[in-house]
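What follows is a short report on a single structure.
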Amino acid sequence: MANLSLKNICKVYPGDVTAVSDFSLDIEDKEFIVFVGPSGCGKSTTLRMIAGLEDISSGEIYIDGNLVNDLAPKDRDIAMVFQNYALYPHMTVYDNIAFGLKLRKTPKSEIDVKVRNAAKILDIEHLLDRKPKALSGGQRQRVAMGRAIVRDAKVFLLDEPLSNLDAKLRNQMRAEIAKLHQSLGTTFIYVTHDQTEAMTLGTKIVVMRDGIIQQVASPTEIYNHPSNMFVAGFIGSPQMNFLYGHVVMENETPILKCLDSNMELNKNKATILKDKNYMDQEMIIGVRPEDIRLVDSNLGSSTLKGKIEVIENLGAEVFLHITSEDRNLIIKTTPKEGLSVGSELYFTFNMDKIHIFDKEEQNTIF
């Protein structure tokens with residue numbers, strides 16, 4: 001198995017186009033690391049540099065303490081699963097899985113054992129005699145993973161492997177990949193732009209933007225304590241609501257003024273603002289849709305009022321798109337009687353769960 005260390009990795013393309021900038025990360029043996037971010041943020045480029053498919057402009061990559069910058073991909077002991085499956089159409093499933101082993105002159109008996117073992121793990125034993133054109137998208141992806149499994153590689157690299165599948169298959173294959181990681185007990189590095197995949201698969205998430213790491217943490221830490229507004233808005237579905245507000249002291253009580261309402265703020269959080277000189281300063285307030293609670297009527301100055309513009313009914317839950325004081329918000333709630341487009345409602349924030357960001361730098365205050 002393998003530890004990886006990326007030290008100050010940079011990738012600059014001709015024309016002085018920087019795809020990845022000063023990327024440093026230590027990956028422990030058997031971790032499931034997910035690189036997540038919008039298209040063009042440099043996550044696939046980073047993965048390809050680890051694989052040796054892309055030259056690095058500067059920096060160092062170590063696998064098990066060995067510098068691999070100048071090693072060919074075949075000598076890095078990694079296995080890669082691509083977005084487009086990259087199967088040979090004229091070969092059977094068996095031969096596609098066995099192809100890399102045949103190139104390495106592996107004995108036929110050993111190839112047969114490894115191919116059939118991988119097929120059993122992936123539940124494609126009944127497909128070994130078929131060709132790719134006779135397979136569904138999910139089956140083709142299993143074949144691509146089977147080809148990686150037989151390598152017995154130290155590191156598995158997966159580049160958006162589920163992006164070509166429909167929603168139902170993606171959910172199914174997500175579970176399969178999680179089980180595969182557990183059964184193989186090796187290091188996985190997974191690239192996706194889908195934050196749901198990142199949250200459900202990764203033991204650690206690397207959020208990227210414009211080639212720069214924004215935050216590295218566990219899914220829980222990323223969700224509950226995002227480092228800045230970008231991370232807070234990217235992770236979570238629907239995304240976090242952002243509003244302007246400021247905190248003042250009234251009769252020795254800290255009050256958050258936001259959307260024409262007065263909400264009492266936790267005194268410990270108020271102390272943080274005071275110590276950092278944010279009192280009476282305009283800031284950005286972040287509230288996740290599930291941390292907004294509907295109430296039956298106006299309960300006072302801490303209650304907010306809104307008008308429903310759109311209702312997304314997902315069955316067990318409902319997303320309400322509302323306007324309040326000319327600001328747009330999303331509320332995540334359960335189905336309730338009386339919710340209709342155009343109707344008014346009252347709501348409050350869970351003040352223990354709000355986030356506050358610096359207006360200019362957009363970094364997290366708390």
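These numbers come from a predicted model, not from an experiment.
In this structure, F366 has its ring center no closer than 6.0 Å to that of Y278.
Within 6.0 Å of CG in D296 there are 12 or fewer heavy atoms belonging to other residues, nucleotides or ligands. More than 12 heavy atoms of other residues, nucleotides or ligands shown are found within 6.0 angstrom of NZ on K336.
I272 contributes atom CD1, which lies 9.5 Å from atom CD1 of I365 (distance to the nearest 0.5 angstrom). Atom-to-atom distance recorded for T200:OG1 and Q195:CD is 9.0 Å, nearest 0.5 angstrom. In this structure, the separation between CG on L265 and NZ on K257 is 13.0 Å, given to the nearest 0.5 Å.
The cationic group of R327 does not satisfy the cation-pi geometry with Y244, failing either the under 6.0 Å distance to the six-membered ring centre or the 45° limit from the ring axis.
Under 3.5 Å, the side chains of N228 and N363 contain no donor-acceptor pair of N or O atoms. For the 3.5 Å distance criterion, the side chains of N3 and Y62 fail to qualify, holding no donor opposite an acceptor. In this model, a donor atom of one side chain and an acceptor atom of the other lie less than 3.5 Å apart for D26 and S5.
Taking both residues in full, the closest heavy atoms of I97 and G146 are given as CG2-O, 3.7 Å, listed atom of the first, atom of the second, then distance. Across all non-hydrogen atoms, the minimal contact from A217 to E221 is CB-CG, 3.6 Å.
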Indicate every side-chain donor-acceptor pair of residues 42-52 with a distance under 3.5 Å to a residue at least two apart or in another chain.
| residue | atom | partner | partner atom | Å |
| --- | --- | --- | --- | --- |
| K43 | NZ | G37 | O | 3.0 |
| K43 | NZ | P38 | O | 3.1 |
| S44 | OG | D159 | OD1 | 2.8 |
| T46 | OG1 | G42 | O | 2.8 |

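Ring pair H90/Y88 is perpendicular by interplanar angle, where above 60° counts as perpendicular and below 30° as parallel.
Among residues two or more places apart in sequence or in another chain, the side-chain contact (heavy atoms from CB on, under 4.5 Å) test is passed with K102 by D95, A98, I111.
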For this session: Check the pair E290, K353 against side chain to side chain contact (heavy atoms under 4.5 Å, CB included), reporting the backbone distance first and the verdict last.
Result: CA-CA 10 Å; E290 63 269 29; K353 294 290 187 71; over 6 Å; no
Problem set entry | Chi angles and distances behind the side chain to side chain contact (heavy atoms under 4.5 Å, CB included) call for D291, I354 | CA-CA 8 Å; D291 293 328; I354 66 166; over 6 Å; no
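A side-chain donor-acceptor contact under 3.5 Å links R140 to the backbone of L135.
Electrostatic pairing of D152 and K114 counts as a salt bridge here, judged by a charged N lying under 4.0 Å from a carboxylate O.
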